[in-house]
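One structure is given below, encoded as structure tokens.
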Amino acid sequence: MTSIHDVAKAAGVSISTVSYALSGNRPVSENTRSRIEAAVRELGYQPNAGARMLAGRRTHIFALTEPLRPDTHAPTHMAFVLATSVAARKRGYDILLLTDEQASAGMSRVTASDLVDAVLVLDVAPDDERVAIARSIRTPTIFIGIPDDSEGLHCVDLDFHGAGSLAVDRLVDAGHRSIALIGQASLAYQRSNFPRRLLNGFEARAEERGVDHSFSASGETVTDPRAVRRAVETALDDGASALVVHAADDVHEIALAVLAERGLAVGTDISVLSAGASFDTANLSAAVDTIPLIPQLSCDLAVDLAVRSLEESLTPSVHLIPPEYREVGSVAPPRLG
């Protein structure tokens, strides 16, 4: 790699002169500065992060704080990490991934040292401890998710409440009067905000539309296949003619297996809808209508807000991405009798 010594040699000046020219800490003649800048361009020299920080320049690094816990569903979380990294790279930024289970520790560490230009926050909890840090630092911070207290914060997320409402509307409009929601493990409704928002949207709209509805978690701390089977079987026994699934792909497959065992054809005997899925539902054993969670949409917008916040003063706000419905034929009018 090209060093500052190489630049100094090519420009015919001392190392300290190169440092002064790049940092702006001391005046350097225009002729000397031009030679140094030409050498920098020709050699492709990149000052290290420490030098840029001393010069008050950007590091072109974003921190991505994503606490990894024993119950973390890695495929979903990594989809967001990848989408954020790709979006940042397109804008000329690298990602420093902070995976401390105590999420506030890493965030405090990198912002105190001015190591990053902005912070992106994933896996947002209802009472997220990183909210207080975001309000106390100068480093721009964007939440990909919405805490209960979002006052003064920049937040980006799918409109999960709207997704729950949309699922109910589609099923009720098709004629269903009894709908069951199979959700995530119970712990997710304590640790994360988005499952509760979808559940709240589902229940509120079902009440508004005057239809019978139920909710079952897919386990306690993680997916429990027995709990999923029990939830689906109970829903069917209680007369549900439609299922909404808001969980990982394994929960979908267990639910579909129960339906197959009972001889129920999806889209004919029973309607099934996947809400807030971040995986490719095309790989499921049966095609299902989907209200997808698309990591790229949230992450692209979050990175864009982070970059813009370095250039201008943005008014803090919550950006909700409208849910979209992808139809493949798994929702149909309920069969009589």
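All heavy atoms count here, side chains included; hydrogens, waters and symmetry mates do not.
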To the nearest 0.5 Å, atom CG of Leu199 lies from atom CD of Gln184 at 10.5 Å
Taking a hydrophobic cluster as the set of Ile, Leu, Val, Met, Phe, Trp and Tyr residues connected by side-chain heavy atoms closer than 4.5 Å, whether directly or through intermediates, do Val86 and Leu96 fall within one such cluster?
no
For Gly175 and Pro334, the nearest pair of non-hydrogen atoms, with its separation, is O-CG, 3.5 Å
Are Val228 and Val222 connected, step by step, through hydrophobic side chains (Ile, Leu, Val, Met, Phe, Trp, Tyr) whose heavy atoms are closer than 4.5 Å?
no
Can you tell me if Ser216 uses its side chain to pair, donor with acceptor, with the backbone of Ile182 under 3.5 Å?
no
All heavy atoms of Ile179 vs all of His176, minimum pair found to be CG1-CB, 4.4 Å
N/O donor to acceptor pairs below 3.5 angstrom from side-chain atoms of residues 295-303, sequence neighbours left out:
none

Quick one: SG on Cys155 to CD1 on Ile142, what's the gap to the nearest 0.5 Å?
8.5 Å
Regarding Arg209 and Asp173, does a basic nitrogen lie under 4.0 Å from an acidic carboxylate oxygen?
yes
Do His77 and Glu66 have a side chain donor and acceptor closer than 3.5 Å?
yes
What distance do Leu293 atom CG and Thr76 atom OG1 have between them, rounded to the nearest 0.5 Å?
8.0 Å
So does Val81 get a backbone contact from the side chain of Ser85, meaning a donor-acceptor N/O pair under 3.5 Å?
yes
Distance (rounded to the nearest 0.5 Å) between Leu198 CG and Asp159 CG:
9.5 Å
Side chain proximity check, Gln190 to Arg196, heavy atoms < 4.5 angstrom
no
Let me check something: do Ile137 and Val124 share a hydrophobic cluster, defined by ILVMFWY side-chain heavy atoms less than 4.5 Å apart, either directly or through other members?
yes
Using modelled atom types and a 3.5 Å cut-off, is there a donor and acceptor pairing between side-chain atoms of Ser271 and backbone atoms of Ala332?
yes
Output yes when a side-chain donor or acceptor of Ser165 lies under 3.5 Å from a complementary backbone atom of Arg205, and no otherwise.
no
Please check if the side chain of Ser150 supplies one atom and the backbone of Leu153 the other of a donor-acceptor pair under 3.5 Å.
no
Would a distance-only check, ignoring hydrogens and angles, find a side-chain to backbone donor-acceptor pair under 3.5 Å from Arg191 to Pro126?
no
Minimum side-chain heavy-atom gap His154-Thr141 below 4.5 Å
no
May I ask you to check whether over 12 heavy atoms, not counting those of Glu220, lie within 6.0 Å of atom CD?
no
Val18 and its side chain to side chain contact (heavy atoms under 4.5 Å, CB included) partner, picked from Val7, Thr32, Asp6
Val7
Can a salt bridge be assigned to the pair Glu233 and Arg230 using a cut-off of 4.0 Å between side-chain N and carboxylate O?
no
Just checking, is any N or O donor in the side chain of Thr111 or Thr139 under 3.5 Å from an acceptor N or O on the other one?
no
Aromatic ring pairing His246/Phe194, orientation class (parallel under 30°, perpendicular over 60°, tilted between)
perpendicular
In residues 259-268, what donor-acceptor pairs under 3.5 Å come from side-chain atoms, sequence neighbours left out?
unit_1, atom_1, unit_2, atom_2, d
Glu261, OE1, Arg229, NH2, 2.5
Glu261, OE2, Arg229, NH1, 3.4
Glu261, OE2, Arg229, NH2, 3.3
Arg262, NH1, Asp237, OD1, 2.9
Arg262, NH2, Asp237, OD1, 3.1

For a 4.5 angstrom cut-off between non-hydrogen side-chain atoms, does Val318 reach Val156?
no
Let me check something: do Val331 and Leu236 share a hydrophobic cluster, defined by ILVMFWY side-chain heavy atoms less than 4.5 Å apart, either directly or through other members?
no
Centroid-to-centroid, Tyr189 to Phe215, below 6.0 Å?
yes
Say whether, by atom type as modelled, one donor and one acceptor occur between the side chain of Ser274 and the main chain of Ala277 under 3.5 angstrom.
no
So which atom in Ala240 and which in Ile270 form the shortest heavy-atom distance, rounded to 0.1 Å?
O-CD1, 3.9 Å
Heavy-atom nearest pair, Ser14 first then Thr17, reads OG-OG1, 2.8 Å
Where Leu256 and Ala286 come nearest, the two heavy atoms and their spacing
CD1-N, 3.9 Å
Are Phe143 and Asp157 close enough, and set up right, to give a side chain to side chain contact (heavy atoms under 4.5 Å, CB included), and what steps lead you there?
CA-CA 8 Å; Phe143 286 75; Asp157 207 358; over 6 Å; no
Can you find a pair of side-chain heavy atoms, one from Val172 and one from Arg177, that are under 4.5 Å apart?
yes
Can you confirm whether Val245 sits close enough to Leu273 that some side-chain heavy atom of one is under 4.5 Å from a side-chain heavy atom of the other?
no
Check: Ala204 main-chain N/O paired with His213 side-chain donor or acceptor under 3.5 Å
no
Any side-chain heavy atom of Thr290 sitting closer than 4.5 Å to one from Val288?
yes
Is the shortest heavy-atom distance from the side chain of Leu314 to the side chain of Leu305 under 4.5 Å?
yes
Trace of the side chain to side chain contact (heavy atoms under 4.5 Å, CB included) decision for Val168 with Glu208
CA-CA 10 Å; Val168 171; Glu208 291 174 6; over 6 Å; no
Run the ring-ring contact (aromatic ring centres under 6.0 Å, His included) test against Tyr93 and tell me which residues pass, sequence neighbours left out.
His60, Phe62
Interatomic distance, OG@Ser192 vs CZ@Phe160, rounded to 0.5 Å, equals 9.5 Å
Find the distance between CG (Asp123) and OG1 (Thr99) and round it off to the nearest 0.5 Å.
12.0 Å
Any side-chain donor near an acceptor of the partner, Asn193 and Asp148, under 3.5 Å:
yes
Among residues two or more places apart or on two chains, list those pairs meeting ring pair (Phe, Tyr, Trp, His ring centres under 6.0 Å) that have a residue in residues 292-313.
none
Using a distance-only test with no angle check, is there a side-chain donor-acceptor pair under 3.5 angstrom linking Thr65 and Arg130?
yes
If we ignore angles and hydrogens, is there a donor and acceptor under 3.5 Å between the side chains of Ser317 and His319?
yes
Just by modelled atom types, is the Ala11 backbone N or O under 3.5 Å from a matching donor or acceptor in the Arg35 side chain?
yes
Counting only N and O atoms by type, is there a donor-acceptor contact under 3.5 Å from the side chain of Ser136 to the main-chain atoms of Ile133?
yes
Using distance alone, with no hydrogens and no angle criterion, decide if Glu253 and Ser285 have a side-chain donor and acceptor under 3.5 Å apart.
yes
Side chains of Leu171 and Val244: does their closest heavy-atom pair fall under 4.5 Å?
yes
Distance-only donor-acceptor pairs under 3.5 Å for side chains of residues 320-328, two or more places apart:
unit_1, atom_1, unit_2, atom_2, d
Glu324, OE1, Arg326, NE, 3.1
Tyr325, OH, Asp289, OD2, 2.7

Starting from Ile254, can I reach Leu243 by hopping between I/L/V/M/F/W/Y residues whose side chains sit under 4.5 Å apart?
yes
The complete set of ring pair (Phe, Tyr, Trp, His ring centres under 6.0 Å) pairs with one or both residues in residues 262-287, sequence neighbours excluded, reads His252-Phe279
Between Ala163 and Ile291, the two heavy atoms sitting closest are O-CD1, 3.5 Å
